[in-house]
J.: 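Structure provided below as structure tokens; questions to follow.
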Amino acid sequence: MKWVTRENANVDRVACPWLIKRFIDSDAEFLFVPRDQVLEVAEGEGAHSYDAQGAEYTHRDGKCSFDVLVQEFKLTDDAALVRLAEVVHAADVSEDRDASQEGAGLYAIAHGFALLHGTDDHKKIELETPMYDALYAWCQNETASA
């Protein structure tokens, strides 16, 4: 299935592809388009839209897109994934940055990747995927000992 979002991905728009590939759709293909074309491209491609105004999966009720995907795809039984969602949320939603102490670190790292790789969104996903794997492993360890 194709998934469409805004180009120039950062925290949420890189974390979501990791989540989608690992837990929702292992064959997912990601398209990054100008902000004003997300819904049109999604409709034309028969794709899911995410993290864009009016998208199928986007910020709502105080949740970031990653939170919404975890909830919508009923992944909340995975305590480590719920913990990771807290970190991603804190990194993505500036007014909630202090909600998870790891959020500021993830924000800094994600923005560092953006500075290094600019609008090469697929490269950012490729390079940041192992980081999200490691962060998820850390979350598994944290929630197992809780």
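Predicted model, so just to flag it, every value in this text is computed and none were measured. Computed over heavy atoms, backbone and side chain alike; hydrogens, waters and symmetry mates excluded.
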J.: Going by an N to O cut-off under 4.0 Å, is there a salt bridge joining D27 and K21?
T.: no

J.: Rounded to the nearest 0.5 Å, how far apart are CG of N8 and NE2 of H117?
T.: 13.0 Å

J.: Can you tell me how far apart CG (D51) and SG (C64) are? Round to the nearest 0.5 Å.
T.: 8.0 Å

J.: Would you indicate whether the side-chain heavy atoms of Q53 and V38 approach each other to under 4.5 Å?
T.: no

J.: Do H59 and D92 pair up side chain to side chain, a donor and an acceptor below 3.5 Å, judged on atom types alone?
T.: yes

J.: Return yes if a side-chain donor-acceptor contact under 3.5 Å exists between Y136 and D78, otherwise no.
T.: yes

J.: Test E72 against R60 for salt bridge (charged side-chain N to carboxylate O under 4.0 Å, His left out), laying out the working first.
T.: CA-CA 12 Å; E72 290 284 322; R60 62 176 170 242; 2.9 Å; yes

J.: Rounded to the nearest 0.5 Å, what separates atom CG in L106 from atom CD in E128?
T.: 8.0 Å

J.: Ignoring hydrogens and angles, state whether a donor on the side chain of R83 or S100 is under 3.5 Å from an acceptor on the partner side chain.
T.: yes

J.: How many angstroms lie between CD1 in I125 and CZ in F32, if you round to the nearest 0.5 Å?
T.: 3.5 Å

J.: Does the ring center of H122 lie less than 6.0 Å from the ring center of F30?
T.: no

J.: Please tell me whether H48 and D25 have a donor and an acceptor in their side chains that are separated by less than 3.5 angstrom.
T.: no

J.: Does the side chain of D121 reach to within under 4.5 Å of the side chain of T5, using non-hydrogen atoms?
T.: no

J.: Is the terminal nitrogen or CZ of R97 (NZ for Lys, CZ for Arg) located under 6.0 angstrom from the six-membered ring centre of Y107 and within 45° of that ring's axis?
T.: yes

J.: Step through the shown structure and confirm whether more than 12 heavy atoms of other residues, nucleotides or ligands are within 6.0 Å of CD on E95.
T.: yes

J.: Could you pull out the closest heavy-atom pair between T76 and V82, with the gap in Å?
T.: O-CG2, 3.5 Å

J.: Does any non-hydrogen side-chain atom of L81 lie less than 4.5 Å from one of C139?
T.: no

J.: Could you check whether F66 and Y50 have their ring centres less than 6.0 Å apart?
T.: no

J.: Measuring from L39:CG to E56:CD, what's the distance to the nearest 0.5 Å?
T.: 10.5 Å

J.: Taking all heavy atoms of P17 and all of D12, pick out the closest pair and write down the distance.
T.: CD-O, 4.3 Å

J.: If you count heavy atoms of other groups shown closer than 6.0 angstrom to CD of E7, is the number above 12?
T.: yes

J.: How long is the gap from OH on Y132 to CH2 on W138, to the nearest 0.5 Å?
T.: 14.0 Å

